[in-house]
Amino acid sequence: MTHDGSSPPLRPAELGPDSPVARLTPQLAQFAAVARLEHVTQAAQLLGMPQPTLSRAVARLEAELGVDLLARQGRAVRLTRAGRLLLASVERALAELERGAEAVRAEADPAAGRVAFGFLHTMGTEAVPGLLRGFRESHPRVRFQLVQDYVAAMLERLRAGELDLCLVSPLPDTPDLTARPLDEQRLHLVVPADHRLASRRRIRLAEVAEEPFVAVEEGYGLRVITDGFCAEAGFVPRIAFEGEEAETLRGLVAAGLGVALLPPALVPRPGVVELEVTAPRTRRAIGLAWVAGRPLTPPAAAFRDFVLSRRGRLLTHD
């Protein structure tokens, strides 16, 4: 116990060819079976192994520890004091291992497993809820861990195994990831309502080359896309303010702090006007990504297939 009465944190066991845990672990479940039944032959039948093999395994465990764990009385056995001490720890370890195995099986349960799904902030209001609603009609018990983040961070979590699938833009082009396009989304130039261009419906992006821009932070996919479209138009955007959310950027535009390339607003935002950009073609591809060559669990694979079946219908198009 620690000084405040709590249990000390578990210290990871040492591993390696000469570590006690690596040498002893194979015999621990066998020892527990003998200890529970207090009968070697019955324990061997329970484990589905020859009785002599089990007897030798327990003898090796005793030799490794240097103590007698069992007192033999014919075919029956009883635990020594050392055997009782070891059994208490072994039972806790086996129970924890069983809980871990059950949790892993639950994750992969086709009917009620869990899917770790990452997506762009701008997809969380309409597109993702629509996907989840449609999928749950046929898979009502599947659970989801939902993660909203910028693209670079999501892809790192995907590679690390923390996420199963990611809805991203732009699509990654690396050999370790598989990406499939799902839809295209138009990006509008958002300007303040009193801006000199606010009375227009369409513009060329080059017409705002000298304007201050508000944009998402570096590392976000939308920032990469914005910089790319500005480069196509022949200029480098002068970033006046950076944020993380599209609606925050709209607020900055409404305050007259700059212009922005953003996905269409779901509801009209007072104080701003959204203009169609005719050159370049400001559309971003949105797609689904997962780790190439890494098998997905059955629920994750089912959700991937469902999302891919919605190609061209992910977004509400104008």
Side-chain angles (χ1 to χ4, degrees), residues 102-172 177-188 216 219-222 225 243-250 262-269 283-292 294-318:
E102 289 174 354
V104 170
R105 285 193 292 267
E107 288 278 293
D109 185 337
R114 184 181 69 102
V115 180
F117 181 43
F119 53 93
L120 303 167
H121 288 90
T122 52
M123 296 287 103
T125 304
E126 186 174 72
V128 169
L131 287 174
L132 299 179
R133 182 175 59 248
F135 182 72
R136 290 294 291 274
E137 290 177 0
S138 56
H139 298 78
R141 295 169 55 209
V142 169
R143 297 168 290 121
F144 281 85
Q145 175 193 353
L146 302 177
V147 174
Q148 290 176 276
D149 213 332
Y150 63 96
V151 171
M154 281 198 297
L155 295 183
E156 285 307 306
R157 297 179 71 169
L158 191 65
R159 292 183 174 98
E162 298 175 21
L163 295 175
D164 299 310
L165 302 161
C166 287
L167 194 63
V168 295
S169 178
L171 276 62
L177 298 176
T178 298
R180 295 287 182 269
L182 293 172
D183 217 331
E184 281 192 342
Q185 184 177 51
R186 185 193 303 273
L187 300 180
H188 292 156
V216 290
Y220 283 65
L222 186 57
I225 292 169
E244 296 181 351
E245 296 278 354
E247 289 310 306
T248 299
L249 299 184
R250 278 193 175 83
L262 295 174
L266 294 176
V267 295
R269 173 68 183 257
R283 289 180 175 268
R284 64 171 178 171
I286 297 171
L288 190 68
W290 61 93
V291 175
R294 180 187 297 167
L296 293 171
T297 62
F303 184 61
R304 175 197 60 191
D305 294 344
F306 172 80
V307 174
L308 294 179
S309 75
R310 299 293 295 268
R311 183 173 183 178
R313 295 179 291 127
L314 177 68
L315 305 174
T316 301
H317 292 281
D318 48 23

Provide the closest heavy-atom pair for [X] versus [Y] in the form atom of the first, atom of the second, distance.
{"X": "A116", "Y": "E162", "answer": "CB-O, 3.4 Å"}
{"X": "P299", "Y": "G113", "answer": "CG-CA, 3.9 Å"}
{"X": "V142", "Y": "P110", "answer": "CG2-O, 3.9 Å"}
{"X": "P170", "Y": "G221", "answer": "CD-CA, 3.6 Å"}
{"X": "L163", "Y": "M154", "answer": "CD1-O, 3.8 Å"}
{"X": "T122", "Y": "A246", "answer": "CG2-CB, 3.9 Å"}

Looking at side-chain heavy atoms only, is the closest gap between [X] and [Y] below 4.5 Å?
{"X": "F303", "Y": "L132", "value": "yes"}
{"X": "L187", "Y": "P263", "value": "yes"}
{"X": "V115", "Y": "L296", "value": "no"}

Partners of [X] by side chain to side chain contact (heavy atoms under 4.5 Å, CB included), sequence neighbours excluded?
{"X": "V151", "value": "L120, L155, V168"}
{"X": "A152", "value": "Y150"}
{"X": "V291", "value": "L158, L177, R294"}
{"X": "P129", "value": "none"}

List for me each residue that meets side chain to side chain donor-acceptor pair (under 3.5 Å) alongside [X], sequence neighbours excluded, and say none if there are none.
{"X": "S169", "result": "none"}
{"X": "E156", "result": "R159"}
{"X": "R114", "result": "E107, Q145"}

Return the [atom1] to [atom2] distance between [X] and [Y], rounded to the nearest 0.5 Å.
{"X": "L315", "Y": "R186", "atom1": "CG", "atom2": "CZ", "result": "12.0 Å"}
{"X": "L314", "Y": "L308", "atom1": "CG", "atom2": "CG", "result": "11.0 Å"}
{"X": "Y220", "Y": "L222", "atom1": "OH", "atom2": "CG", "result": "10.5 Å"}
{"X": "T178", "Y": "L171", "atom1": "OG1", "atom2": "CG", "result": "11.0 Å"}
{"X": "Q185", "Y": "L262", "atom1": "CD", "atom2": "CG", "result": "10.0 Å"}
{"X": "I286", "Y": "L182", "atom1": "CD1", "atom2": "CG", "result": "8.5 Å"}

- Note on the structure: Contacts of H121 meeting ring-ring contact (aromatic ring centres under 6.0 Å, His included) (sequence neighbours excluded), chain-then-number -> none
- Counterpart residues, ring-ring contact (aromatic ring centres under 6.0 Å, His included), relative to F119 (two or more places apart): F117
- Item | Contacts of E247 that satisfy salt bridge (charged side-chain N to carboxylate O under 4.0 Å, His left out) - sequence neighbours left out | R250, R269
- Note on the structure: Here the salt bridge (charged side-chain N to carboxylate O under 4.0 Å, His left out) pairs for residues 301-312, sequence neighbours left out, are none
- Donor-acceptor under 3.5 Å (D164 side chain, A300 main chain): no
- Query: Pairs in or reaching into residues 126-143: which pass side chain to side chain donor-acceptor pair (under 3.5 Å), with residues at least two apart or in two chains?
  - Reply: E126-T316
